[in-house]
Amino acid sequence: MLRIEDLHVYYGAIHAVKGISIAIPKGGIVTLIGANGAGKSSTIRSIAGLVKNVKGRILYTPPDGTEMNIAGRRPEDMVRLGIAMSPEGRRILPHLTVEENLKLGAYIRTDTDGVERDRDHVYELFPRLKERSWQKGGTLSGGEQQMLAVGRALMSSPHLVMLDEPSLGLAPLLVKEVFDIIGEINAQGKTVLLVEQNAFAALKIASYAYILEVGAIALEGRGEDLLKDPRVKEAYLGG
Amino acid sequence: MFVQHFFNALTLGSLYGLIAIGYTMVYGILRLINFAHGDMFMLGAYFVFFATTLWALPWSLAVVVAIIGTALCGVLVDRMAYRPLRDAPRISALISAIGVSFFIQNLSLVLFTGLPRAVMRPDWLVNVIKFGDIRILPLAIIVPIVTAALVASLLWVIYRTKPGLAMRAISKDIETTRLMGVPVDKVIAMTFAIGSALAAASGIMWALRYPQINPFMGLVPGNKAFIAAVFGGIGSIQGAVVGGMILGFIEIMVVAFFPGLSGYRDAFAFILLIVILLMKPTGLMGEKLEDKI
Ligand SMILES: Nc1ncnc2c1ncn2[C@@H]1O[C@H](COP(=O)(O)OP(=O)(O)OP(=O)(O)O)[C@@H](O)[C@H]1O
Ligand SMILES: [Mg+2]
């Protein structure tokens, strides 16, 4: 579905991502893990079209199309192509209601019925959001905001869903809930790119994983293999 | 007497309020003081002047042409002067705004000449109606009604339509709004179009009320409307309308009841501004915005 070839990201003089290559097969869950500042967000933000200074190729194959290089396109083009993202830190619009936040996620769509169906689907995945549909986003708890951020990313009816640290700041029980739902979203046919610091949980559900260290890929492999890898155990799973 | 003053104040307040909305919308979305906004007011009046004289259009059509023409000018200002600076430090856009305003005024001076022009006024708008011994211009009733209708439509757009949702989202977090697939530049252009159209409506009604127009006529009402927007709480549309009304009432009533102070009428707005900024820096209905200039 998506292949990244030799991606570089620069912020002025800072060379944040130094030539990484990643492949995300259709229907899979691929995870990108690494420490703070490794370049995970920079990578997925460049796929979403939010980063100005990128070099390299981002090759996307829509389910019914042929491969194209989408590097450097605008965020709205990415959403139209079927790539959606839940950003780091949730970025819920605090003054809009839950319902309005979801509507914003469906901005590009004109099929009102489909949007309503997808909204109901999000409310099924996250019943707590339904109870709070008229509440302002800013009044939700951190966990609820995270659910809303994930739900909002689903509202454009994407083929590829990118999640930047969805477990950040959540209690362990809630982390499990969020990861279960990521599995469910994937089972319903969406390809997932998951950025995480919670390496254990991410490796457990991922079909394939990349470990990023200071802007370069240090290690890659199937999730279950990396879980057993002594180097990974030592550096990311607490020995 | 009081009734007449009341309607005069309502009219002036409406005209300030309509301009103030444009300042507040652009500030709310871009955190930019659009100094060229007062000039949109002036352009609206000139469009009507030329549409009725040079192009010999009937009144109703002239108004439509003027509003659309001014809206396009507002979009053009954004496209040429602000959009290229979207990622630049905010002070650059502010300087650009001042430059554009000078440019429009001086270009207008060249194109339209500095000669004050009289706008043709349909009789039914200016033939005084008498209720007993109260004498009122039909305009003084029509202006507040038109304003109320425009404000109601605007609120409907902002709170009930998709572009309105996008405007509200952009005002808080432009990057996330972009991430949701919203064509942000188009929505911003739409904001400029709406703000400029309302300024044009105000300029047209102003030209009917005070029929002398010149290229610098936007300066004083523009400044006062900006003060009204800050006073009402910049970023808040309701605040802009309320601020405009209060300013209109103070100006008319002080002059009416303390004629000795009428020489200072343009100073009231500034006094009001200083007082509110000291007492409530966010204005009457404003909420805290993260970055102010
Ligand atoms: N807008 C920016 N301007 C300048 N430098 C940036 C910017 N964004 C990121 N960086 C730098 O790029 C590097 C990679 O940052 P990035 O946010 O991609 O890391 P990350 O892996 O997502 O980290 P975290 O786990 O803390 O979210 C860091 O050194 C960071 O300081
Ligand atoms: Mg990050």
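Since we're looking at a predicted model, the values are computed, not measured.
- Heavy atoms of L93(A) lying under 4.5 Å from chain B belong exclusively to its side chain.
- One finds no salt bridge joining R80(A) and D77(A) here, because no Lys/Arg side-chain nitrogen approaches an Asp/Glu carboxylate oxygen to under 4.0 Å.
- Y11(A) OH: more than 12 foreign heavy atoms inside a 6.0 Å radius.
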Inset, instruction - Output, in order, the C-alpha distance, side-chain angles, deciding distance and verdict of side chain to side chain contact (heavy atoms under 4.5 Å, CB included) for L96(A) and K136(A). - result: CA-CA 5 Å; L96(A) 303 184; K136(A) 292 260 161 73; over 6 Å; no
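- K103(A) touches chain B through backbone and side chain together, each having a heavy atom under 4.5 Å away.
- Closest approach of Y123(A) and E99(A) over heavy atoms only: OH-OE1, 2.7 Å.
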Inset, instruction - Output, in order, the C-alpha distance, side-chain angles, deciding distance and verdict of side chain to side chain donor-acceptor pair (under 3.5 Å) for Q135(A) and T97(A). - result: CA-CA 5 Å; Q135(A) 206 167 310; T97(A) 63; over 6 Å; no
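- For chain B, the nearby part of R45(A) is the side chain; its heavy atoms alone come within less than 4.5 Å.
- Proximity to chain B is absent for every atom of R90(A), based on heavy atoms less than 4.5 angstrom apart.
- Across K52(A), M78(A), E76(A), R74(A), the residue that shares the most heavy-atom pairs under 4.5 angstrom with chain B is E76(A).
- Contacts of A106(A) with chain B are made by backbone atoms alone, with heavy-atom separations under 4.5 Å and no side-chain atom involved.
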